[in-house]
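Okay, so here's the structure we're looking at.
Nothing here was measured: the structure is a model prediction, and the numbers come from that model. Every chain is numbered from 1 and lettered A, B, ... according to where its sequence line falls, protein lines coming before strand lines.
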Number of protein chains: 2
Amino acid sequence: MPEIYLGEFEQIVLLAILRLGDEAYAIPVRAEIDARTGRDVARGALYTALERLGAKACVTSRMSDPLPERGGRSRRYYTVTPAGLRALGASRAALLALWNGVESQLERR
Amino acid sequence: MPEIYLGEFEQIVLLAILRLGDEAYAIPVRAEIDARTGRDVARGALYTALERLGAKACVTSRMSDPLPERGGRSRRYYTVTPAGLRALGASRAALLALWNGVESQLERR
DNA sequence: GTATTAGGCCTACAATGCAGACGCCGCATG
DNA sequence: CATGCGGCGTCTGCATTGTAGGCCTAATAC
């Protein structure tokens, strides 16, 4: 297990995909991120992140058939791999370990 | 409020400083990070992060007097500013919002 | 056809993460 | 007092991640 490190944004993207389940293609992912974090990223930004996650085998993707809709182009749906889940769990644990006990200091402003 | 974004590593550093209180100079910070996250970063890495946090006004620092010890050079002690605390709180909230409800999927491995 | 809309991809640059080498300063010890 | 050693700040430079913006295509609508 060669220790995969996720950047913060990559984590966010993975989480959004998980949350969306089988509706996870770029546009809804982007919307989800915006809704949850207020971060309004460009589509291009998202695609590069997704590509890099793919390179690390944290996600896989499949193309859909074209849709019978207004601009119904085929969509690329993403799924988080087990390796991706593991990596996510690891970074979460690391963050939690550091947060633990510090919250109180935050509240004091 | 011009929206300060913290990278993941910067968050970790801030948290370590908070945790160390008034013993927060580079070497213990490094040790703390290693102990909590298993991340064994070079000193240089840490200093650049600290410098950048300084530039964003998330930390301040003061030099100590030289110490009467073997290699007793002066140390640079760091303190998290209110702005730093705010930024930390914000990124934590963002992460939490996304994590919320996803933990269950992680457990299923 | 031509507009309009959804959505994938490419290019290129900025910000962050990280390491290794350098050098200072003070004690120690002969 | 000179040489060495140990603690620690600092500099330079490259690698990885983050982000924007524009281009292109496929499909319906008119």
Side-chain angles (χ1 to χ4, degrees), chain A residues 2-14 16 20 23-34 37-56 58-59 61-78 87 91 94, chain B residues 2-14 16 20 23-34 37-56 58-59 61-78 87 91 94:
Chain A
E3 279 285 357
I4 300 178
Y5 270 133
L6 299 174
E8 192 199 18
F9 185 55
E10 291 178 334
Q11 281 181 55
I12 293 179
V13 171
L14 281 182
L20 288 168
E23 275 310 311
Y25 65 100
I27 275 66
V29 168
R30 183 164 173 272
E32 181 73 15
I33 292 175
D34 189 11
T37 68
R39 219 150 145 170
D40 185 24
V41 298
R43 275 179 303 142
L46 189 50
Y47 282 110
T48 19
L50 285 167
E51 196 179 318
R52 298 205 259 240
L53 283 170
K56 292 190 213 164
C58 289
V59 297
S61 67
R62 73 218 118 89
M63 273 320 239
S64 77
D65 292 333
L67 304 175
E69 287 173 9
R70 231 318 164 89
R73 222 191 142 170
S74 21
R75 299 166 175 172
R76 181 176 294 281
Y77 286 97
Y78 292 90
S91 19
Chain B
E3 279 284 359
I4 299 177
Y5 270 135
L6 299 175
E8 193 200 17
F9 186 54
E10 293 178 335
Q11 282 180 54
I12 293 179
V13 171
L14 281 181
L20 287 168
E23 276 308 312
Y25 65 100
I27 276 63
V29 168
R30 184 165 173 272
E32 181 72 15
I33 292 174
D34 190 10
T37 69
R39 221 151 145 167
D40 185 25
V41 298
R43 275 177 303 146
L46 189 50
Y47 282 110
T48 25
L50 286 167
E51 195 178 317
R52 298 206 260 242
L53 283 170
K56 293 190 215 165
C58 289
V59 297
S61 68
R62 72 217 119 90
M63 271 323 239
S64 77
D65 293 333
L67 304 175
E69 290 173 9
R70 231 323 163 84
R73 215 187 150 177
S74 21
R75 297 166 176 172
R76 183 177 292 281
Y77 285 96
Y78 292 90
S91 18

Whole-Å gap separating P (C/dA15) and CD (A/E8): 16 Å
Rounded to the Å, how far apart are B/F9 CZ and D/dT16 P? 16 Å
What is the distance, to the nearest angstrom, from the CG atom on B/L53 to the P atom on C/dT16? 9 Å
Can you measure A/E10 atom CD to D/dA15 atom C1' for me and round it to whole angstrom units? 14 Å
Do B/L50 and B/V29 have side-chain heavy atoms sitting under 4.5 Å apart? no
Let me see the working for B/V41 and B/D34 under side chain to side chain contact (heavy atoms under 4.5 Å, CB included), right down to the final yes or no. CA-CA 8 Å; B/V41 298; B/D34 190 10; over 6 Å; no
Whole-Å distance separating the CG atom of B/L46 from the C1' atom of C/dG20: 15 Å
So CG of A/L14 and OH of A/Y78: to nearest 0.5 Å the spacing works out to 12.0 Å
Please, which pairs that meet salt bridge (Lys or Arg N to Asp or Glu O under 4.0 Å) have at least one residue in residues 40-49 of chain A, sequence neighbours excluded? A/R30-A/D40
Does the ring of B/F9 carry B/R39 above it, NZ/CZ under 6.0 angstrom from centre and within 45° of its axis? no
When the distance from CG of A/L6 to P of D/dT16 is rounded to whole Å, what number comes out? 15 Å
How would you summarise protein contacts on nucleotides 20-30 of chain D per nucleotide, using B for base, S for sugar-phosphate only and - for none, with heavy-atom distances below 4.0 Å? BB---BBBBS-
Using the side chain to side chain contact (heavy atoms under 4.5 Å, CB included) rule, take A/M63 and A/R75 through it: C-alpha gap first, then chi angles, then the decisive distance, then the call. CA-CA 6 Å; A/M63 273 320 239; A/R75 299 166 175 172; over 6 Å; no
Quick check for you: to the nearest 0.5 Å, what is the distance between A/R76 atom CZ and A/S61 atom OG? 4.0 Å
At less than 4.0 Å, is any side-chain N or O atom of B/Y25 found next to OP1 or OP2 of D/dC8? Yes or no. yes
How would you label the contact of B/R30 with the nucleic acid (heavy atoms, under 4.0 Å): base, sugar-phosphate, or nothing? nothing
In whole angstrom, give the distance that lies between atom CD1 of A/I12 and atom C1' of D/dT17. 12 Å
For B/E51, which contact category applies under a 4.0 Å heavy-atom criterion: base, sugar-phosphate, or nothing? nothing
In whole angstroms, the gap separating P of D/dC11 from CZ of B/R52 amounts to 14 Å
Comparing A/R75 and B/A49 on DNA chain C - which has the more 5′ nearest nucleotide: A/R75
